[in-house]
Each structure stands twice: as structure tokens, then as C-alpha cells.
K.L.:
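Here you go, one structure.
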Amino acid sequence: MRTVYVNGEFIPEDEAKISIFDRGFLFADGVYEVTSVLEGKLVDFQGHCGRLRRSLGELNMALGATDDELLDIHRQLVAQNNLEEGLIYLQVTRGAADRDFVFPPDDTPATLVLFTQVKGLIDSALANRGQKIFTVEDQRWSRCDIKTVQLLFPSLAKMEARSRGGDDAWLVRDGLVTEGSSNNAYIVLEDGTIVTRDLSNFILHGITRRAVLECARNLQMKVVERPFTVEEAMGAVEAFSTSASGFVCPVIEIDGTRIGTGEPGPTAQKLREVYIAEMRKAAI
Ligand code: PDD
């Protein structure tokens, strides 16, 4: 059984309790982060901590714990669960209070929950085979840059892709791809240029995205951050996605159209290899 963290305590998962009045439960009034663990170490912890602070700030949500305290909690969870490879999920909500659209008083303590999930990240069947994507209209709210726990639409989109025989959904707003249901989206053009949506309130500013684009630039690959259409993606020579849970994951099909050769492409494979090597070195 897992040991999880709830508001200052490390406890067995079946003893963990959250109030039914928690605003995360009633209003999806909470934010989260997912950090990957390789060889028992945290990948890009500073990046995830920085984005957590930004999400909290955008929602005027306070969290007592410092970055060092959060690091310590992450490390204790890794140790107590003997986690070698997988993910750590962290969620902060505005705490528990009588149900009201008005925020509770500022001194209402935030709820802080963390748990681990064992997952094979490096040896991934999906990355080896390549993903089949279906596009779905992006019907999320317009603050996708805040990593909130209101994930119903991405979940519905992914289920729609699954029901059509795909692995995941890419979301399309005004005819342009924003991102995947839980990852950032990329295409590679004939001349090798990597294209990914520019940062705005319409996408999550991926921590993996930032690191992978840096790897690409260090490898002298050309990167352009701009919107692209589904049609342009279908004509690309390669496509892939990035996230903390999937690293760099090739895409081989979009809406039934084969991308490039229909096999994971060399750019995605190279970036996956280099990203994993860099993160192994830098993990703390
Ligand atoms: N999802 N875009 C969306 C909508 C996401 O939910 C995620 C992450 C990303 C990639 O961000 P990062 O590289 O920082 O993981 C992009 C996480 C993994 C999840 O919800 O499980």
C-alpha cells in the first residue's frame, strides 16, 4: 500500500481523508503539478515548482509551504514508497469551507495532497509504437495556462479519441491546434523545422516543452513557435507530443491520416533520447 501525504502527514492511502466541503471537490478550485521520477530522483522540480507558484498566484490562492518544504515532501514520498520510476502528483486547493461562490476567508488553510504513481516512463510501449491522434474541438475555458484540476473536458476529449480507436486527442480552437489533452503538440516540416503552438492563455506552458525546445536548439534544430492547422499537421513529416508523463512521444497518425512514414520519426526519437539523458543528469 502507498504512503501518501495529506496536510502535513504521511499516511497509508486508505487512511487519507479530505472534507466533502473541500473547494477542490465542490468547485474544482485547485491546482496541480505532475513531476516525473527517474532513478528515484525528481525531474525538473524547479520548473514544476515555478509553474505551481504561477498557477497559485493567478488564482490568488495561498500555500504555506516553501519550495524547500515541497522538495522535502516529494523526497520523503519517493523514499517511503521506494519509487524508482514514475510520477508524483501534487494538488493544492483553496481548502474546506461552507459551499459559497465567494472565496472563504484568507486564513482558511489550503489543502495539500501528494501521492506517487509507479509508471514505466523510459520503456514505453506507446513511445515505441507511436500514438494515433484524433482531433477534437477545444471547448476548455480560456485560461489553459493555469494548471487547474478542472480536467473534465480533456478527459472527455481523450475518451472520444479512444472511442474512435485512437490513443489521445489533439484540441483545435478556431481551426488551429492548441495542444493535446494532457501534453503539448508538435509537428516537423519537410525542412526539419519543429513547429509548436506559441505560449499564450490557450495552452499550458509545459515544463517538458521548455526543456525539449532547449534540447532541440542545442542540437541546432530549427524551432518555430506558432499555431498550425490540422491540415498542416497531416502533411508534416513527423509529429509528437511532450509531457512529464510521456516525455517526448511520437505521433504516427492524425484523424486516420498517416504522418510521414507512419513510424516514429527520427526527430522525435532523437529528442526523446537527448531529453531523457539530460534529465537523468539534472534530476535531483
Ligand atoms: N499534463 N498541456 C496540458 C493540457 C497538460 O495537462 C500537460 C501536462 C502538458 C504538458 O506539461 P508538462 O510538460 O509540464 O507535463 C501540456 C500532466 C502530465 C497531467 O495532467 O497528467
Side-chain angles (χ1 to χ4, degrees), residues 2 4-11 13-35 45-74 77 87-117 136-159 169 171 173 178-184 199-207 243-245:
R2 269 179 295 194
V4 302
Y5 176 93
V6 182
N7 293 328
E9 284 188 300
F10 291 90
I11 46 176
E13 62 180 65
D14 64 352
E15 288 173 25
K17 287 196 176 70
I18 297 287
S19 165
I20 63 158
F21 298 110
D22 194 277
R23 289 182 59 91
F25 179 59
L26 296 180
F27 288 96
D29 189 1
V31 298
Y32 76 106
E33 281 297 328
V34 176
T35 304
F45 176 77
Q46 290 91 341
H48 288 284
C49 236
R51 187 174 60 191
L52 174 68
R53 297 290 171 196
R54 181 176 179 279
S55 295
L56 290 168
E58 291 297 307
L59 297 176
N60 289 316
M61 208 182 279
L63 173 66
T66 64
D67 287 4
D68 282 346
E69 285 165 349
L70 292 180
L71 176 58
D72 186 58
I73 296 167
H74 277 77
L77 265 193
L87 305 167
I88 299 195
Y89 177 87
L90 171 154
Q91 178 169 328
V92 185
T93 77
R94 208 181 302 272
D98 253 2
R99 184 177 181 277
D100 193 339
F101 284 76
V102 174
F103 289 172
D106 285 348
D107 59 356
T108 307
T111 300
L112 176 61
V113 168
L114 286 90
F115 57 81
T116 55
Q117 227 164 283
V136 174
E137 193 192 328
D138 193 343
Q139 291 179 344
R140 299 174 300 167
W141 75 334
S142 337
R143 289 306 306 274
C144 305
D145 57 315
I146 309 173
K147 201 164 171 61
T148 75
V149 297
Q150 38 163 339
L151 296 173
L152 183 55
F153 187 77
S155 176
L156 289 171
K158 185 153 188 156
M159 290 309 293
L171 307 177
R173 193 187 282 266
T178 49
E179 57 185 337
S181 66
S182 60
N183 43 66
N184 291 114
L199 296 180
S200 72
N201 54 309
F202 292 122
I203 66 166
L204 186 74
H205 303 186
I207 301 306
S243 69
S245 51

K.L.:
Look only at the side chain of Glu9 and the backbone of Val6, and say whether a donor-acceptor pair between them is shorter than 3.5 Å.
P.N.:
no
K.L.:
With a cut-off of 3.5 Å and sequence neighbours excluded, list every side-chain donor-acceptor pair involving residues 146-159.
P.N.:
residue, atom, partner, partner atom, Å
Lys147, NZ, Tyr32, OH, 3.2
Thr148, OG1, Gln150, N, 3.3

K.L.:
Kindly indicate whether a cation-pi arrangement holds for Arg94 with Phe27, taking the cut-offs as under 6.0 Å to the six-membered ring centre and within 45° of the axis.
P.N.:
no
K.L.:
Roughly how far, to the nearest 0.5 Å, is the CG atom of Leu77 from the OH atom of Tyr5?
P.N.:
9.0 Å
K.L.:
Do you know the tightest heavy-atom contact between Asn184 and Gly206?
P.N.:
OD1-CA, 3.3 Å
K.L.:
Could you grab the distance from atom CG of Leu59 to atom CG of Asp29, nearest 0.5 Å is fine?
P.N.:
7.0 Å
K.L.:
Could you tell me the separation between the CG atom of Asn60 and the CZ atom of Phe103, rounded to the nearest 0.5 Å?
P.N.:
6.5 Å
K.L.:
To check you understand the geometry: which heavy-atom pair defines the closest contact between Ser182 and Ser243, and what is its length?
P.N.:
O-CB, 3.5 Å
K.L.:
Is it the case that more than 12 heavy atoms not belonging to Asp14 sit under 6.0 Å from its CG atom?
P.N.:
yes
K.L.:
Report the distance from atom CD1 of Ile73 to atom CD of Glu69, rounding to the nearest 0.5 Å.
P.N.:
7.0 Å
K.L.:
In a check of salt bridge (charged side-chain N to carboxylate O under 4.0 Å, His left out) between Glu58 and each of Arg51, Arg143, Arg53, which one passes?
P.N.:
Arg143
K.L.:
Closest heavy-atom contact between Asp145 and Arg54?
P.N.:
OD2-NH2, 2.9 Å
K.L.:
Output all residues satisfying salt bridge (charged side-chain N to carboxylate O under 4.0 Å, His left out) with Glu13, sequence neighbours left out; order by chain, then residue number.
P.N.:
Arg2
K.L.:
With a 3.5 Å distance limit and no angle check, can you tell me whether Glu179 reaches the backbone of Leu204 through a side-chain donor-acceptor pair?
P.N.:
yes
K.L.:
Nearest heavy-atom pair of Leu90 and His74: which atoms, and what distance?
P.N.:
CD1-CE1, 3.6 Å
K.L.:
Please give me the minimum heavy-atom distance between Ala65 and Leu70, naming the atom from each residue.
P.N.:
CB-CD2, 3.9 Å
K.L.:
Quick check: closest heavy atoms across Leu52 and Glu33, and the distance to 0.1 Å?
P.N.:
N-OE2, 3.6 Å
K.L.:
Measure the spacing between CZ of Arg173 and CD of Gln139 and express it to the nearest 0.5 Å.
P.N.:
9.5 Å
K.L.:
So does Phe10 have more than 12 non-hydrogen atoms from other groups sitting under 6.0 Å from CZ?
P.N.:
yes
K.L.:
So, taking the atom named CG in Asp68 and the one named SG in Cys49, what distance separates them when rounded to the nearest 0.5 Å?
P.N.:
8.5 Å
K.L.:
Anything under 3.5 Å between a donor and an acceptor, one on a side chain of residues 109-117, the other on a protein residue two or more places apart or in another chain? List them.
P.N.:
residue, atom, partner, partner atom, Å
Thr111, OG1, Asp22, OD2, 2.5
Thr111, OG1, Thr93, OG1, 3.4

